[in-house]
Each structure stands twice: as C-alpha cells, then as structure tokens.
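Everything below concerns the one structure shown next.
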Amino acid sequence: MTARIQKFLADQQPATPCLVIDLDVVRGNYEALARSLPFARIYYAMKANPAPAVMSMLAGMGSSFDTASIYEIREALIAGAPAERISFGNTVKKQSDIAEAYRLGVRLFAFDSEGELEKLAVAAPGAKVYCRLRLELSKTADWPLGGKFGCSLDMARDLLMKAGELGLDAYGVSFHVGSQQRDAGEWDMAVGRAAMLFTDLRERGVNLRLLNVGGGFPAHYRTEAASHADHATALTAALVKHFGNRMPEVLIEPGRSLVGDAGMIRSEVVLVSQKAYDGPRWVYLDIGKFGGLIETMDEAIKYRVTTSRDSDGGESSRVILAGPTCDEVDILYQKTAYHLPDDLRPGDTVDFLSAGAYTSTYSSVCFNGLPPLKTYCV
Ligand SMILES: *Cc1c(COP(=O)(O)O)cnc(C)c1O
C-alpha cells in the first residue's frame, strides 16, 4: 500500500468495501512501460479500470485506448481521447455500434471472422482492420484469453485478403498471450506466428503494417510472475528475431499492468465462525465475488491479503475466506492456504493488495442489495 493511500484511508475512514487507486502509481507504470518499449504505441485496455480520473490522466499523457463496446468508446471520448487514438478491439460487435463508432471517428477495428468483416465493410467503409489470431499457448497465464477469440493462421490469411476485396484496409494482426502471463517465454512463439503471416501475405501482395501484441504483463499477486522488465526484454527480442529490419508498427494493450498494483481494496470482517467444533475457521468479509473479486473464480488470481491485526504479533492459522452474499459460489479461497490472525474479529479490516485491475468493473450492480464497489482515486 502506498503512503498516499494510507493517508487517504486514515484521514477519510471511507465506508468499506472500497477500492483506492493511487494515480501516481498508474502514471509511473505508464511511463515505465513507454520507456521499456519506446517503439510501441500504448492502447490502455480500459476494461481493467475505467475510473474517470485514471482515463483523463492517461488521455492527457498521450495514451490511446483499446475499447470493447460503444459505451467504452463514449467514455474514452469524454475522458479526452481523440477518436484517432481509440481502437474498437472486440471481435464481436453489433453492426449498429460499429456504425456509431465510425460516425464518431474511430477507424481501427478488430475482427476474427468473415461475418464480422462483412459488418465492418458495410458500417465502417475503408477502415483499418486487424485480425486476431488464435494461438496454442502454454498454461502459464492465470487469466487466459486464448480460447474465445481469434482464428487460425490460415483463416486469418484468407480473411485479410478478403478485407481488401471488401474495400477495407487490411492493416495487421493481433493476439493476446493471456492475462497475468507469468512466463515471458510466451512472446517468442506468438510474435513468430504473426511474422509468418506477414511474410505469407506479403508474397500474396498484401502489405500488413500493424502488429498488436495485446496485454499480458502481470501485476503482483501471491504467485510469482516474470517482471515487467523481463517481459519487455523478451518481447523486444522476439520482435527483432522475427521481424528484423522489417519492423511493423507495434501496438500494446496493457490493462492489468498499468492499474493492478496501483490500487487496493479495503474490506471489513463481518463474521468469524466455525461450522463444527473441529472444523475450519470461516472469515466472512463485506466483499466477495460479486463485490468485485470475481477473478478469484477457481482461485485463479490469488491476491496478497493483510489485516489490521497483522502487527499484533499473535498466532495465525488457516481460514476459508468468503464473501457476504447468500450465494454458495461466493467463497474467495478454500483450496488455497490463506493464514489470518487468530484474534481476527468483526470490524477488523482486511486489505486486498494490487487490486486495481478487473475489480470495480466486475462488481455487480446490487446482488442482495449490495451497492457496486466504490472507487476513490488519490
Ligand atoms: C483485456 C484485454 C487486454 C488487457 O489485457 P491485460 O492482460 O490486462 O493487460 C488487452 N487486449 C485485449 C483485446 C483484451 O481483451
């Protein structure tokens, strides 16, 4: 937790649960990424955290934005991003939304199918389009994004040729190595596949210019992951190896790595209980899967957790951590060993560190009447 967040919590004592984002950390992460990949344009994947203060700060710093819906496009415009710095990166879009994005000035669109290409040809004539690739990835991403989107290399080749015939600008390709990618070794295969497609299409007279390498750089959770520096080095090496002196425009879409470590969630213990005299201790919090911690699904993301009793110096033991709602799935960690102080009691605070990404956006509107996760930017 940063000193600025600590001061905010001490001074304001906000009601819990809440998410507090330190904008200085977001700024620092953006600047560090820009320095480590000076050749790449940064399109912030705003679904990670679209808080207006985050959006307008990044827009002011020159960031571009990767959006997934017409609603996100409108938000990005309101934050001050010009339409030329917005991509419509979802490969599944309503034709009416494509048309509105185009009317608003957006000219960069993703696709991964013939059906989408046909919509784009009608609703966004002449726009720059890039094809999302589906890759055979290892299982080293904690939040994979490789199954639902993207098409095979040979289909991508045919679709990019067809894009030109339909009057679109066959601009490039994209992939995503998986969110919270722990292994920097994944870049080599992904960039290599994309480079093969560039060569294949050049031989057929189609000159691709854009490589969109997606997101994947990690935040700091309990499970060890390669550093941002390691990722940047590996990605750069892969680009040099596979593209040499035919380097395309490179676009990167960080989400988690810009905002994850910038935020923390403060929650409160509602109940500590046992279900049998010899059973495990259950700790129920005022936040759970529906309050913004859905990435604990299958215990995929393992947040670092601290409590207001940690400095007491007492004993700790294993607990099951659960949310406050009346839903059986609202358990955060049961298989994973979380040890919390034995003297933890209702009213104590439990903090989730590095919780700035994919929390406020995933929080439900009012399941059991609970309000959505409140965000403070300091
Ligand atoms: C979610 C998403 C991202 C962001 O990924 P991170 O791993 O959070 O950096 C980037 N690109 C696309 C297309 C996405 O869907």
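Residue numbers start at 1 and run along the sequence shown. Both ligands and their constituent atoms are indexed starting at 1 by order of listing. All of these numbers come straight from a predicted model, not from anything done at the bench.
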On a heavy-atom basis, I'd like to know which of K148, K47, M46 is closest to atom 1 (C) of ligand 1. K47
Where do H176 and Q181 land on the side chain to side chain contact (heavy atoms under 4.5 Å, CB included) test, with the steps shown first? CA-CA 10 Å; H176 198 299; Q181 177 53 257; over 6 Å; no
So which protein heavy atom does atom 7 (O) of ligand 1 come closest to, and at what separation? S179 OG, 2.6 Å
Using a distance-only test with no angle check, is there a side-chain donor-acceptor pair under 3.5 angstrom linking D310 and T307? yes
Any donor-acceptor pair under 3.5 Å linking the side-chain atoms of Y376 with those of R266? no
Residue R256 vicinity, atoms of ligand 1 by number, heavy atom under 4.0 Å: 6 (P), 8 (O), 9 (O)
The test is side chain to side chain contact (heavy atoms under 4.5 Å, CB included); show your working for V250 and L37 and say whether it passes. CA-CA 9 Å; V250 177; L37 299 170; over 6 Å; no
So which protein heavy atom does atom 5 (O) of ligand 1 come closest to, and at what separation? H176 NE2, 2.9 Å
For atom 12 (C) of ligand 1, what's the nearest protein heavy-atom neighbour? Residue, atom name and distance, please. E253 OE1, 3.4 Å
Grouping I, L, V, M, F, W and Y whenever their side-chain heavy atoms are under 4.5 Å apart, do L197 and V240 come out in a common cluster? yes
closest protein heavy atom to atom 9 (O) of ligand 1 is G255 N, 2.8 Å
What part of D66, side chain from CB on, backbone N/CA/C/O, both or neither, has a heavy atom under 4.0 Å from ligand 1? side chain
Near R132 (heavy-atom distance under 4.0 Å), the atoms of ligand 1 are 13 (C)
Region of Y358 engaging ligand 1 - heavy atom pairs below 4.0 Å: side chain
Is F111 reachable from Y43 through a run of I, L, V, M, F, W or Y residues, each pair having side-chain heavy atoms under 4.5 Å apart? no
Taking both backbone and side-chain atoms of S257, is any N or O found less than 3.5 Å from an N or O belonging to ligand 1? no
So for A48, does at least one of its heavy atoms come nearer than 4.0 angstrom to any atom of ligand 1? no
Once you restrict to heavy atoms under 4.0 Å, what part of Q181 touches ligand 1? Side chain, backbone, both or neither. neither
Measure the distances from the heavy atoms of P254 to every atom of ligand 1 and state whether one is below 4.0 angstrom. yes
Please check whether G216 reaches ligand 1 - meaning an N/O of the residue sits under 3.5 Å from an N/O of the ligand, judged on distance alone. yes
Can you tell me which residue among R132, Q95, K93 is in a side chain to side chain donor-acceptor pair (under 3.5 Å) with E116? K93
For the 3.5 Å polar cut-off, considering only N or O atoms, please tell me whether Q180 and ligand 1 meet it. no
Proximal ligand 1 atoms for A45, defined as those under 4.0 Å from one of its heavy atoms: 3 (C), 4 (C), 10 (C)
Would R74 and E100 pass as an ion pair if we require N to O under 4.0 Å? yes
When the side chains of residues 154-161 are checked against the rest of the protein, which donor-acceptor pairs come out under 3.5 Å, sequence neighbours left out?
{"from": "D154", "atom 1": "OD1", "to": "S152", "atom 2": "OG", "distance (Å)": "2.5"}

When only distance counts, is L145 in polar contact with ligand 1, meaning an N/O pair under 3.5 Å? no
Below 4.0 angstrom, N of the basic side chain to O of the carboxylate: do D169 and R209 qualify? yes
